[in-house]
Amino acid sequence: MDVSRGASHAEAAPSTGTTIVACTYKGGVVLGADGRVSIGNYITNRASNKIAPLAEYIFLCRSGSAPDTQIISDNVRHYLDQISAESGEEPTVEMAANLVRLINYNNKDHLVGAMLVVGWDRHGGGQVYGAPIGGTLSKEKWAIDGSGSTYIWGYCDSEFKDDMTREEAEHWVMEAIALAMTRDASSGGVIRLVTLDGRGAHHTYISGDKVPQFVGDLPFPAGASPAPFGAPAAQQQQQQAAEAGMVIG
């Protein structure tokens with residue numbers, strides 16, 4: 001996510017530096033984002049929260065211009081609070097998604113926000129809506145956006161499965177973000193996940209030192225042979241230690 005602002009949106013290319021990911025699973029939905037915020041090439045925050053609550057069971061994943069997406073989330077949350085107070089019912093995910101689309105489209109010449117509207121309601125269960133720059137809205141089983149999404153389309157296509165369990169869906173979102181962080185200089189820091197189902201919202205925080213590392217992208221000591229791609233960290237350490245004549249208990 002980029003917090004810099006140019007002279008005009010017409011003159012400056014949009015920056016969507018971040019990685020946001022969401023997917024449905026059997027019984028709910030999982031969404032996640034990295035924590036890096038930058039101004040141009042300068043990283044200002046490595047633990048930012050890019051997941052904004054719109055209602056108790058509805059969240060907005062934000063990428064693009066931080067102030068633009070913040071004003072969208074603030075307005076949509078205000079409208080949903082009013083609707084809920086007047087009707088006495090919880091707002092639906094579709095309602096929130098259409099409000100995001102309306103604001104985004106009506107201000108498409110002024111706002112740079114690529115977002116995901118993700119939530120759960122008793123009518124439709126877990127739902128994911130992509131709301132990219134320009135005001136389009138698309139309901140999907142899974143969606144990704146931000147600069148890091150460029151690197152993980154293949155992974156998401158090949159690894160997503162219908163009716164995943166909660167654990168499988170959380171792992172899918174977490175690994176997709178970690179893979180994007182490996183390649184994308186605008187994505188990094190920490191990973192935040194939110195899992196939504198009929199029992200509520202469950203938040204997970206993965207600190208930077210706990211984010212999975214992919215050994216194929218890291219340099220090895222001279223003479224060492226890499227462990228299999230995606231092997232657990234303990235296996236990688238044991239193999240490297242064995243080659244160095246050490247023992248890890």
Side-chain angles (χ1 to χ4, degrees), residues 1 14-36 50-52 58-64 69 93 97 100-101 113-120 124-134 136-197 202-206 208 210-218 228-232:
M1 179 175 290
S15 174
T16 58
T18 192
T19 301
I20 51 177
V21 179
C23 76
T24 58
Y25 70 91
K26 189 175 183 179
V29 67
V30 181
L31 58 144
D34 73 305
R36 178 170 292 177
K50 303 175 185 178
I51 302 173
I58 308 172
F59 289 81
L60 182 72
C61 285
R62 304 158 48 216
S63 72
T69 56
V93 183
V100 171
R101 176 197 59 80
M115 299 159 286
L116 304 179
V117 183
V118 187
W120 182 95
Q127 299 158 66
V128 175
Y129 289 86
I133 295 171
T136 301
L137 187 67
S138 177
K139 185 178 182 181
E140 307 287 350
K141 292 182 178 179
W142 61 268
I144 58 178
D145 216 321
S147 58
S149 65
T150 305
Y151 303 93
I152 56 174
W153 278 102
Y155 168 84
C156 295
D157 269 331
S158 65
E159 297 301 318
F160 178 81
K161 298 179 294 184
D162 290 326
D163 295 330
M164 289 191 293
T165 64
R166 171 179 169 175
E167 292 74 19
E168 289 173 332
E170 289 175 338
H171 178 77
W172 184 88
V173 172
M174 180 273 297
E175 189 162 78
I177 297 172
L179 284 165
M181 290 166 61
T182 301
R183 293 294 188 184
D184 178 35
S186 296
S187 300
V190 303
I191 295 177
R192 298 178 191 272
L193 303 179
V194 179
T195 303
L196 299 162
D197 55 28
H202 315 275
H203 298 259
T204 303
Y205 176 85
I206 303 172
K210 298 295 190 298
V211 174
Q213 299 293 308
F214 296 93
V215 71
D217 295 318
L218 301 175
F229 178 77

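Everything quoted here is computed from the prediction, not taken from an experiment.
- Between the side chain of Ser158 and the backbone N or O of Gly154 there is at least one donor-acceptor pair closer than 3.5 Å.
- Taking the side chain as every heavy atom from C-beta outward, Val30 and Trp172 never approach each other to under 4.5 Å.
- Annotation for His171 and Tyr155: closest pair O-OH, 4.4 Å, computed over non-hydrogen atoms.
- Taking CG from Leu179 and CE from Met174, the interatomic distance works out to 9.5 Å, rounded to the nearest 0.5 Å.
- Contact detail for Asp184 and Ser147: the closest heavy-atom pair is OD2-OG, 2.7 Å.
- In plain terms, the two heavy atoms of Trp142 and Cys23 that are nearest each other are CB-CB, 3.7 Å.
- No side-chain heavy atom of Pro212 sits under 4.5 Å from any side-chain heavy atom of Glu175.
- Counting heavy atoms from C-beta outward, Leu31 and Leu116 have side chains that stay 4.5 Å or more apart.
- Distance check, rounded to the nearest 0.5 Å: CE of Met164 to CD of Glu159 gives 9.5 Å.
- The two residues Leu60 and Met115 make their nearest non-hydrogen contact at CD1-CB, 3.7 Å.
- Partner Thr19 forms a side-chain contact (heavy atoms from CB on, under 4.5 Å) with one of Asp145, Ile152, Ile144 and no other, that one being Ile152.
- When all heavy atoms of Ala33 and Ile177 are compared, the closest pair comes out as N-CD1, 3.4 Å.
- No donor-acceptor pair under 3.5 Å is formed between the side chain of Thr69 and the backbone N or O of Ser63.
- Classified by interplanar angle (parallel below 30°, tilted 30° to 60°, perpendicular above 60°), the ring pair His203/Phe59 is perpendicular.
- Side-chain atoms of Gln127 come within 3.5 Å of backbone atoms of Gly125 as a donor-acceptor pair (strictly under, hydrogens ignored).
- When all heavy atoms are compared, the tightest approach of Ala131 to Val100 is CB-CG1, 4.0 Å.
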Which pairs of donor and acceptor atoms, one on a side chain in residues 190-197, lie under 3.5 Å apart (sequence neighbours left out)?
residue, atom, partner, partner atom, Å
Arg192, NE, Ser48, O, 3.4
Arg192, NH2, Ala47, O, 2.7
Thr195, OG1, Glu170, OE2, 2.6
Asp197, OD1, Arg199, N, 2.9
Asp197, OD1, Gly200, N, 3.4
Asp197, OD1, His202, NE2, 3.3
Asp197, OD2, Arg199, NH2, 3.3

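- Two residues are said to be in side-chain contact when any heavy atoms from C-beta on lie closer than 4.5 Å; Thr18 and Asp34 meet this criterion.
- Without hydrogens or angle criteria, Arg36 side chain to Ala185 main chain gives a donor-acceptor distance under 3.5 Å.
- Residues forming a side chain to side chain contact (heavy atoms under 4.5 Å, CB included) with Thr24 (at least two apart in sequence, or on another chain): Val29, Val128, Lys141, Phe160.
- Within the 4.5 Å cutoff, no side-chain heavy atoms of Arg101 are placed close to those of Tyr129.
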